[in-house]
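Quick notes on the structure that follows.
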Amino acid sequence: MSLGYCRPSAEVEVVQLTPEKIDIEALLQGVDDHATGGVVLFLGKVRNHAGGREVTRMDYEAYPEMAEAKMLEVEKQTLGKWPVQKIALVHRTGKLQLGEVSVAIAVACAHRKDAFEACRFAIDTLKEIVPVWKKEYFADGEAWVEGVIPRTP
Amino acid sequence: MSLGYCRPSAEVEVVQLTPEKIDIEALLQGVDDHATGGVVLFLGKVRNHAGGREVTRMDYEAYPEMAEAKMLEVEKQTLGKWPVQKIALVHRTGKLQLGEVSVAIAVACAHRKDAFEACRFAIDTLKEIVPVWKKEYFADGEAWVEGVIPRTP
Amino acid sequence: MKITLKFFGQLRELTKCDETEIQVKEDTMVEDLIWVLGERFPNIREHLKVVSFSIDNEYAGKGTVLQDGNVVGLLPPISGG
Amino acid sequence: MKITLKFFGQLRELTKCDETEIQVKEDTMVEDLIWVLGERFPNIREHLKVVSFSIDNEYAGKGTVLQDGNVVGLLPPISGG
């Protein structure tokens with residue numbers, strides 16, 4: 001019997017920091033794999049409210065070289081904890097309008113349970129270690145979002 | 001201050017049983033909402049292995065009227081447990097090739113934790129109550145997938 | 001009275017029947033169908049042990065009393081998703 | 001010796017500075033920068049209490065000794081995603 005569908009190890013596929021609109025179709029193509037039974041995609045979007053105030057738009061700023069290195073680390077940590085077939089992670093920068101996607105993470109696994117857990121771990125970890133900052137704009141002002149002190153090794 | 005972004009209640013948006021390729025882009029458009037901070041999309045895909053055997057394709061059969069009614073119930077149960085802004089659920093029927101999407105569930109919430117939990121609940125519940133059956137094709141034969149006795153009220 | 005039976009998945013395949021109408025007596029319960037069906041389709045007797053039933057697109061307990069015109073689904077263990 | 005400082009987010013805005021080079025003595029530790037920076041940019045003193053540091057794109061503990069040519073990032077609490 002052919003065991004050609006077995007993969008020796010997961011692959012780090014995509015890490016990207018981009019000022020362009022995130023191409024979800026391409027991201028999902030990037031994690032396409034015939035050994036996959038479940039794909040979980042997370043999209044972070046610019047929401048029209050925060051802390052009870054109406055938000056009108058959002059700016060994202062990154063420390064680019066370090067952010068990409070830390071995004072890779074997010075993938076590696078995720079691959080170390082779950083049997084992931086493919087993973088892709090894209091974070092956007094610049095001025096975003098309401099409803100636009102700021103971050104997208106796609107995780108493909110043989111089983112859905114792993115895909116859900118791995119994807120959630122990836123976004124949680126991204127928020128803990130990737131150096132990105134966002135500023136909210138309100139009808140009557142603007143403010144840097146209160147962040148978290150990064151988790152360091 | 002405008003509270004125009006508050007929604008009185010979640011909406012059941014999309015339930016579809018279809019023999020056509022599932023349009024992910026349209027599904028994500030269907031849950032677009034400016035009050036959303038996080039979208040979780042689950043895709044079930046035809047996998048090339050099951051129980052140690054190589055799978056070559058899969059057929060999906062549904063009890064159409066009842067399946068759509070139960071898919072609606074999946075959404076309603078989900079909306080009853082999490083603060084969901086929008087939810088969309090599509091299940092495919094017919095002959096599917098490896099890598100094709102058999103089921104897609106998109107859940108949009110203000111917060112990502114809710115979106116992850118609600119989406120996972122929705123696919124778990126779908127598998128417990130929606131009358132769909134699948135048959136696996138191997139290089140050397142075929143077999144109906146061993147299912148679960150549906151959870152009934 | 002008359003009811004419609006609908007077969008799905010493996011049961012449809014084994015009975016070579018998508019749908020059929022049968023006559024049943026008043027006060028027939030869902031669980032009585034197991035015996036009726038086992039007589040008519042001996043090759044699904046084993047499967048009837050784990051079959052679930054629907055009446056008019058809703059799951060029905062085995063003690064439910066059938067009504068004239070009911071559409072009864074014979075549902076093998078499900079495997080969607 | 002010379003190091004490069006990079007400012008981000010609110011710190012970049014408050015200092016009106018993206019990047020600058022400064023001279024530091026041998027054996028300067030990351031935590032010593034807090035004092036140096038507080039002198040040069042009094043309006044970020046409060047923020048320096050919660051700042052994290054990177055050296056050459058990796059988080060650095062406050063006790064790390066700086067080397068000539070290091071690129072040091074001043075990172076306010078992060079808020080990506």
Side-chain angles (χ1 to χ4, degrees), chain A residues 1-7 23-25 27-29 31-50 52-56 58 85 97-113 115-117 119-121 123-124 126-127 138-140, chain B residues 1-7 23-25 27-29 31-50 52-56 58 85 97-113 115-117 119-121 123-124 126-127 138-140:
Chain A
M1 188 186 98
S2 162
L3 285 170
Y5 53 81
C6 288
R7 301 176 74 92
D23 184 342
I24 307 297
E25 197 85 9
L27 193 81
L28 290 173
Q29 279 294 332
V31 300
D32 196 27
D33 185 311
H34 284 181
T36 290
V39 172
V40 172
L41 170 72
F42 173 76
L43 302 178
K45 297 176 98 173
V46 177
R47 198 177 51 194
N48 63 5
H49 62 101
R53 294 180 81 182
E54 192 176 346
V55 173
T56 57
M58 198 96 92
Q85 251 114 25
Q97 303 303 314
L98 295 182
E100 287 198 277
V101 174
S102 55
V103 61
I105 303 180
V107 177
C109 295
H111 301 286
R112 72 182 186 283
K113 183 176 176 294
F116 274 106
E117 291 177 3
C119 188
R120 187 161 172 185
F121 172 84
I123 180 62
D124 287 350
L126 180 145
K127 284 171 174 272
F138 310 104
D140 56 352
Chain B
M1 189 185 97
S2 162
L3 285 170
Y5 54 81
C6 288
R7 301 176 73 92
D23 184 341
I24 308 297
E25 196 86 9
L27 193 81
L28 290 173
Q29 279 294 332
V31 299
D32 196 27
D33 185 310
H34 284 182
T36 290
V39 172
V40 172
L41 170 71
F42 173 75
L43 303 179
K45 297 177 99 173
V46 177
R47 197 178 51 193
N48 63 5
H49 62 102
R53 294 182 79 184
E54 192 176 346
V55 174
T56 56
M58 198 95 93
Q85 251 115 25
Q97 303 304 313
L98 295 182
E100 287 198 276
V101 174
S102 54
V103 62
I105 304 180
V107 177
C109 296
H111 302 284
R112 74 183 185 284
K113 180 175 179 294
F116 273 105
E117 291 177 4
C119 188
R120 186 161 174 187
F121 172 84
I123 180 62
D124 287 351
L126 180 144
K127 284 173 172 271
F138 310 105
D140 57 351

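Just so it is clear: chains get the letters A, B, ... in the order the sequence lines come, proteins before strands, and each one is counted from 1. This is a predicted model, so every value here is computed, not measured. Basis for what follows: all heavy atoms, side chains included, without hydrogens, waters or symmetry-related copies.
Contacts of A:Val46 with chain B are made by backbone atoms alone, with heavy-atom separations under 4.5 Å and no side-chain atom involved. Of the atoms belonging to A:Asp124, heavy atoms from both backbone and side chain fall under 4.5 Å from chain B. In this structure, the portions of A:Ala110 lying under 4.5 Å from any heavy atom of chain B include both its backbone and its side chain.
Closest approach of A:Phe42 to B:Arg112, counting heavy atoms only: CE1-CB, 3.4 Å.
Partner of A:Leu41 under the side-chain contact (heavy atoms from CB on, under 4.5 Å) criterion, chosen from B:Ile24, B:Val40, B:Leu41, B:Leu43: B:Leu41. Paired with A:Lys45 under the rule side chain to side chain donor-acceptor pair (under 3.5 Å), one option of B:Asp32, B:Asp33, B:Thr36 passes, and it is B:Asp32.
Between chain A and the options B:Asp140, B:Val101, B:Val39, B:Val103, the largest number of non-hydrogen pairs under 4.5 Å is found for B:Val39. Chain B forms the most heavy-atom pairs under 4.5 Å with one residue out of A:Ala104, A:Gly99, A:Gly37, A:Gly44, and that residue is A:Gly37. Highest contact tally toward chain A, considering only B:Cys119, B:Ala106, B:Ala139, is held by B:Cys119 [criterion: heavy-atom pairs under 4.5 Å].
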What do the steps show when you test A:His111 against B:Arg47 for side-chain contact (heavy atoms from CB on, under 4.5 Å), and what is the final call?
CA-CA 10 Å; A:His111 301 286; B:Arg47 197 178 51 193; 3.2 Å; yes
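Among pairs with a residue in residues 98-110 of chain A, those fulfilling side-chain hydrogen bond (donor to acceptor under 3.5 Å, both in side chains) read A:Tyr60-A:Ser102, A:Arg92-A:Glu100, at least two apart in sequence or across chains.
Looking at heavy atoms from C-beta onward, A:Arg120 lies in side-chain contact with B:Glu117 at the 4.5 angstrom threshold.
Residues satisfying the salt bridge (Lys or Arg N to Asp or Glu O under 4.0 Å) criterion with B:Asp23, sequence neighbours excluded, are absent altogether.
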